[in-house]
Amino acid sequence: MAAYPFGEIEKKWQKAWEEGQVFKAPVRPDPATPKFYVLDMFPYPSGAGLHVGHPEGYTATDIVARYKRMKGFNVLHPMGYDSFGLPAQQYAVEHGIHPRITTERNIANIERQIKMFGFSYDWSRRVATTDPDYYRWTQWIFLQMFNAWFDPDARKARPITTLVEKLKREGLSGRALRDAVDAKRLAYMAEVPVNWCPALGTVLANEEVTNEGRSDRGNHPVYRRALKQWMLRITAYAERLVDDLKLCDWPESIKIMQRNWVGRSEGAEVEFRMPNSECRIVVFTTRPDTLFGATYMVLAPEHPLVEKITTADQQAAVRAYVEQAGRKTELERMADAKDKTGVFTGAHAINPVNQQQIPIWVADYVMMGYGTGAIMAVPAHDTRDFEFATKFKLPIVQVVQPPEGVDWRGYVEDGIAVNSGQYDGLTTAEFKKRITAELEAARLGKYAVNYKLRDWIFSRQWYWGEPFPIVHCDACGTVGLPDDQLPLRLPDLDDFTPEASDDPEAPPKPPLGRVKDWITVACPSCGKLAQRELNAMPQWAGSCWYYLRYLDPKNAARFCDPEIERYWMGPNGVDLYVGGAEHAVLHLLYARFWHKVLHDLGHVSTAEPFGKLFNQGMIRSFAYRDKRGICIPYDKVDSSGDKPTHVDTGEELQVSIEKMSKSLKNVVNPDDVIAEYGADTFRLYEMFMGPLEASKPWNTRDVPGVHRFLNRVWRMVAGDEEHASLVAEGAEDAETERALHKMVKKVGDDIEAMKFNTAISAMMEFVNVVYKAGSIAPSQAARFLLALAPFAPHLAEELWQKTGHAKMLAHEPWPEVRAEFLEEDTVEVPVQVNGKLRGRIRVPVAAAKEAVLAAARAEPSVAPHLAGKTVRKEIYVPGKMVNLVAG
RNA sequence: GCCUGGGUGGCGAAAUGGCAGACGCAAGGGACUUAAAAUCCCUUUCCCGAAAGGGAGUGUGGGUUCGACUCCCACCCCAGGCACCA
């Protein structure tokens with residue numbers, strides 16, 4: 001395909017933009033100029049480099065950034081790297097290469113790739129989470145949390161000193177005071193059950209554990225085990241994380257996912273007493289109205305009361321069960337969900353509403369981590385209790401009357417109370433309200449809210465993460481480093497392997513523990529020898545606040561200057577944040593949490609970090625399989641016929657659309673596409689494929705289509721050996737001018753609405769109009785180039801220069817749209833008879849209804865359909881449609 | 001099981017109460033060329049028909065409306081998320 005010289009042009013303008021610092025945002029912006037902060041989710045610099053999914057979001061934000069600059073905004077459009085993490089750590093373990101080296105290498109490669117696309121990033125603001133100048137402030141924010149507590153009265157975080165004062169006033173001092181304070185910090189240590197993999201020597205996240213209860217990497221056994229870990233008190237923010245979603249202009253589906261993740265539910269805590277025992281079992285229930293139907297109770301295997309209440313003759317069975325349950329990972333417990341197991345403790349509890357004695361069981365379908373770790377079981381109206389009761393032959397008592405024709409067994413919706421004494425006849429809602437109030441009055445229960453959300457396990461036993469700025473001192477306890485000792489740098493190391501062990505009970509030995517001259521340090525508080533914290537932070541840490549560092553990346557005195565923060569973040573935070581939906585919950589929830597802590601402590605001005613969020617869809621691609629199910633690479637597929645066939649054997653192949661992956665041999669490499677067609681074509685293709693939010697398949701066959709369009713633009717403006725340019729002085733044509741205004745308006749509106757695919761088709765239509773007309777005036781060509789520039793910036797700049805403009809177009813104003821060019825004198829109106837299209841009439845825009853209807857009835861293609869019928873109803877939607885209802 | 005999206009030509013898609021298939025790909029035809037590539041022009045939802053024209057048509061079945069791809073009800077299929085959360 002003969003093509004415009006994209007390779008040369010793209011290099012030329014990328015160099016010009018970089019050397020001219022064309023996209024550098026002002027360091028001290030003028031508050032009078034409106035701002036726009038458009039942000040991409042920064043990538044993890046993996047060894048595989050960019051895939052075609054990355055530039056999809058980056059192109060979209062680049063279009064918006066370039067457009068907003070032309071509209072007169074100060075645009076902040078930065079890029080950086082989320083460079084701590086497990087892959088570099090594992091690579092280091094396997095190849096003995098320092099993760100810093102591989103990380104630097106990978107960043108260099110991915111940055112080279114990103115720069116090929118000509119994105120208008122302000123590279124002077126680049127950050128990497130592994131830079132000591134960056135993680136210094138990650139550590140500083142951690143210390144902010146360590147030195148803060150959540151004041152339930154103020155519903156916000158406050159400095160820990162306010163708690164110390166308060167507790168002192170209450171008479172605490174010494175060790176007791178310290179323990180009480182430590183237990184309330186936003187960053188605290190606690191013994192929690194974790195997925196412990198002794199062979200890897202680290203704790204694993206749930207998603208790193210397979211269904212078989214083994215490690216995703218290496219297939220080593222994983223055990224459930226209680227270990228002392230750093231925790232962040234995100235649960236204190238559960239309510240605000242849900243409530244403040246109303247401030248976020250986000251896709252509703254993402255908000256729903258976040259709400260579900262936090263999982264707020266309202267109900268009551270109810271206390272069950274036991275005969276002949278002081279023990280009391282507190283349960284959480286969302287259905288206090290079903291108390292009369294509670295026929296047994298269940299404790300989680302880890303529940304502290306299990307041991308105390310189990311009777312002698314059940315001791316052995318309960319112990320065996322608890323021990324076996326403890327060995328299962330959370331995932332195994334879920335896998336066994338269908339088949340309920342459990343053991344009777346021999347003990348009974350008293351149902352507070354009817355004084356009945358009901359048996360207490362232990363079963364692993366009750367989780368220690370949710371509610372109180374104990375439930376009242378109402379088998380008639382809870383699916384799980386129903387299954388359990390059926391299996392173990394426990395009584396099932398109806399207490400809710402479902403609507404006519406619905407079986408009450410297993411009915412879990414609302415209904416009318418029955419078999420509930422004085423409460424019979426109440427609706428579920430009324431009953432809940434009354435019983436909760438009465439339990440509260442009798443001191444047997446209270447209104448309660450529970451969340452699925454758990455506190456965030458924040459430590460990892462690996463090397464390649466931010467070190468905790470913490471020392472452990474025998475005399476002073478856990479002490480944060482003073483600011484002047486930050487950053488606490490990662491010490492160098494030759495062997496990154498966490499100490500592996502076959503013994504699941506052996507204590508963790510993080511790799512940092514081997515750096516003998518690093519681990520001991522003078523306690524910042526008392527000066528005696530103390531031990532550094534040996535764990536490192538998880539990968540999420542650095543990405544929780546990077547959008548703030550971009551604002552003021554070189555500031556050595558603060559994480560960000562407050563005045564600069566107010567300018568770029570006000571009033572609603574980041575104006576546009578684009579990334580994949582895979583971060584819908586964790587990254588976005590964690591970042592919101594950190595932001596709220598910083599907000600409470602007065603360090604940032606907004607309640608929410610990301611005002612508007614947009615999720616790009618996943619780009620997948622075709623995968624071809626032969627009869628045996630073996631994947632065939634693209635260069636072995638012949639798709640010239642009706643059905644794809646194998647180039648060598650001619651065998652017909654099965655096509656499917658899948659995620660790109662090496663094993664499916666369907667990965668498209670951006671480098672190859674750019675080499676063949678150029679970056680502008682790549683950008684345009686990804687934006688033209690379909691709506692940004694939709695998941696769609698990459699189809700290499702379609703790429704030449706947009707490339708052809710760019711060639712047409714080139715020839716239209718510059719011509720080539722065989723074709724003269726269509727630009728001609730004095731070619732101002734009214735039709736072209738009208739088409740141009742219409743196009744500019746549509747492109748502008750579509751960019752604002754993130755509908756890039758239809759913006760591109762509008763530009764294609766305009767070029768088709770010009771080719772039909774045969775010429776275009778210079779001023780029209782110039783305005784067309786301005787509209788094209790956000791999408792295909794290299795080509796636009798080159799043609800802009802070729803048409804005699806000395807200054808770059810990057811900061812030219814967006815072309816003006818004038819209403820008089822959008823209006824037409826006459827309009828074509830379709831005419832329907834009984835809702836069926838029969839003809840079209842052309843009428844003046846302002847024509848009266850009667851005149852239009854008369855013209856419609858008279859239209860030759862319409863009249864025959866009315867012959868012999870009475871027109872019963874006439875509808876005219878001005879400028880849109882006529883419908884004649886006849887019978 | 002629950003919660004989100006989505007299902008429109010041979011393919012990617014457009015239209016979100018008012019002309020279904022814009023724009024692009026692929027395919028077919030034509031022009032240019034010794035030829036090919038590139039380029040330009042035309043055709044292209046399906047069925048009946050030589051044509052004019054007619055009929056059907058947006059996953060399936062109902063409904064609301066003068067009018068439904070669009071709104072409502074039920075169902076089927078695909079993708080993503082959650083999943084013993086009491």
Side-chain angles (χ1 to χ4, degrees), chain A residues 1-3 251-257 259-261 263-265 267 283-287 290 298 333-334 336-338 340 363-367 369-378 382-385 387-388 412 450-454 581-582 584-585 615 617-618 620 622 639-640 642 655 657 659 685 688-691 693-706 708-709 711-712 715 720 722-723 755 757-765 768 771-772 828-840 861 872-877 879-886:
Chain A
M1 193 187 289
E252 201 50 43
S253 57
I254 302 290
K255 291 197 196 182
I256 290 170
M257 276 196 231
R259 268 188 218 110
N260 291 344
W261 192 264
R264 183 194 144 93
S265 50
V283 303
F284 173 75
T285 176
T286 55
R287 293 295 299 270
T290 60
V298 183
R333 261 160 91 152
M334 278 191 263
D336 297 341
K338 293 132 267 160
K340 298 267 180 300
D364 68 0
Y365 82 89
V366 173
M367 307 285 156
Y370 183 78
T372 60
I375 61 157
M376 63 175 209
V378 183
D382 180 281
T383 314
R384 298 147 302 178
D385 298 344
E387 284 169 15
F388 191 84
V412 299
N450 247 292
Y451 297 93
K452 279 200 282 187
L453 187 70
R454 320 266 175 96
E582 67 272 22
V585 177
N615 289 117
M618 197 194 311
R620 299 187 293 163
F622 297 104
S639 36
S640 58
D642 279 359
V655 197
I657 294 172
K659 282 185 193 175
Y685 172 63
F688 187 63
M689 290 171 82
E693 67 275 19
S695 147
K696 50 220 168 254
W698 179 281
N699 193 346
T700 301
R701 203 177 64 178
D702 290 342
V703 178
V706 286
R708 199 169 292 156
F709 165 67
N711 272 312
R712 272 162 77 78
R715 279 197 312 276
D720 63 11
E722 293 159 46
H723 306 82
K755 288 159 67 173
N757 53 332
T758 48
I760 292 166
S761 62
M763 291 188 280
M764 287 173 166
E765 281 180 272
N768 290 344
Y771 268 80
K772 276 235 162 68
E828 195 177 69
V829 177
V831 180
Q832 298 180 343
V833 176
N834 293 336
K836 221 175 240 306
L837 181 73
R838 295 301 178 183
R840 296 184 174 83
S861 58
R872 289 199 313 253
K873 198 165 180 181
E874 296 169 321
I875 290 131
Y876 175 49
V877 184
K880 288 277 191 194
M881 157 78 52
V882 170
N883 192 12
L884 304 172
V885 185

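In what follows, chains are A, B, ... by sequence order, proteins preceding strands, each numbered from 1.
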Rounded to the Å, how far apart are [X] [atom1] and [N] [atom2]?
X      : N      : atom1 : atom2 : result
A:W261 : B:rC82 : CH2   : C1'   : 8 Å
A:M881 : B:rU65 : CE    : P     : 19 Å
A:F622 : B:rA26 : CZ    : P     : 14 Å
A:Y370 : B:rA86 : OH    : C1'   : 7 Å
A:L453 : B:rC82 : CG    : P     : 14 Å
A:I256 : B:rG81 : CD1   : C1'   : 11 Å
A:I254 : B:rC82 : CD1   : P     : 11 Å
A:K452 : B:rC3  : NZ    : P     : 13 Å

Which nucleotide sits closest to the side chain of [X]: [options]?
X      : options                : result
A:M257 : B:rA86, B:rA15, B:rG81 : B:rG81
A:L837 : B:rA13, B:rC19, B:rG81 : B:rC19
A:Q832 : B:rC82, B:rA79, B:rG67 : B:rG67
A:E765 : B:rC82, B:rC23, B:rC3  : B:rC23
A:P691 : B:rC25, B:rA13, B:rC19 : B:rA13
A:N757 : B:rA13, B:rG81, B:rA15 : B:rA13
A:H723 : B:rG67, B:rC19, B:rU39 : B:rU39
A:T758 : B:rC23, B:rA15, B:rC82 : B:rA15
A:R712 : B:rC23, B:rC40, B:rA26 : B:rC40
A:F688 : B:rC3, B:rC40, B:rG12  : B:rG12

Atom [atom1], compared across [N] and [M]: separation rounded to whole Å:
N      : M      : atom1 : result
B:rA56 : B:rG67 : P     : 15 Å
B:rG28 : B:rG6  : P     : 36 Å
B:rG59 : B:rG55 : P     : 23 Å
B:rG7  : B:rU58 : P     : 13 Å
B:rU8  : B:rA14 : P     : 11 Å
B:rU70 : B:rG63 : C1'   : 15 Å
B:rU60 : B:rC69 : C1'   : 15 Å
B:rG10 : B:rC19 : P     : 23 Å

Identify whether any heavy atom of [X] sits under 4.0 Å from a base atom; if not, whether one sits that close to sugar-phosphate; answer base, sugar-phosphate or nothing.
X      : answer
A:I875 : base
A:K696 : sugar-phosphate
A:T383 : nothing
A:S761 : base
A:V885 : sugar-phosphate
A:K255 : nothing

Phosphate oxygens OP1/OP2 of [N]: is one of them under 4.0 Å from a side-chain N or O of [X]?
X      : N      : result
A:R259 : B:rU4  : no
A:N768 : B:rG24 : yes
A:S695 : B:rG6  : no
A:R715 : B:rC40 : yes
A:K880 : B:rG18 : no

Could you please name the partner base of [N], counting Watson-Crick and G-U wobble pairs only when both distances are under 3.5 Å?
N      : answer
B:rU34 : none
B:rA27 : B:rU43
B:rA79 : B:rU4
B:rA15 : none
B:rU60 : B:rA74

Which atoms form the tightest heavy-atom contact between [X] and [Y], and what is the distance?
X      : Y      : answer
A:T290 : A:V378 : OG1-CG2, 3.4 Å
A:L837 : A:P830 : CD1-CB, 3.6 Å
A:M763 : A:F709 : O-CE1, 3.9 Å
A:S265 : A:Y370 : OG-OH, 2.9 Å

Any sub-3.5 Å donor-acceptor pair from [X]'s side-chain atoms to [Y]'s backbone N or O?
X      : Y      : value
A:S861 : A:R838 : yes
A:Y771 : A:R712 : yes
A:N883 : A:G835 : yes
A:R287 : A:V412 : yes

Atom [atom1] of [X] and atom [atom2] of [Y]: how far apart are they, to the nearest 0.5 Å?
X      : Y      : atom1 : atom2 : value
A:T700 : A:Y685 : OG1   : OH    : 7.0 Å
A:E693 : A:K755 : CD    : NZ    : 9.5 Å
A:K696 : A:M618 : NZ    : CE    : 10.5 Å

| request: Classify the glycosidic conformation of B:rG9 as syn or anti, calling it syn when the angle lies within 90° of 0. | output: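 You should classify B:rG9 as syn.
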
| said: Regarding B:rC66, can its base be found pairing with the side chain of A:N883 as donor and acceptor, where the two atoms are less than 3.5 Å apart? | reply: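 Such a pair exists between side chain and base.
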
| Quick one: does A:K340 reach the base of B:rC84 with a side-chain donor-acceptor pair under 3.5 Å? |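 Looking at the base of B:rC84, it does pair with a donor or acceptor on the side chain of A:K340 (distance under 3.5 Å).
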
| field | Which residue lies more 5' along RNA chain B, comparing A:V585 with A:M689 via nearest heavy atoms | value |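 The residue whose closest nucleotide sits nearer the 5' end is A:M689.
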
| Distance under 6.0 Å and angle within 45° of the ring axis: does A:K340 meet both against A:Y365? |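 Pair A:K340/A:Y365 counts as cation-pi.
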
Polar atoms only, N or O, under 3.5 Å: list the protein pairs with nucleotides 51-57 of chain B and their distances.
unit_1: B:rA56; atom_1: OP2; unit_2: A:K836; atom_2: NZ; d: 3.1

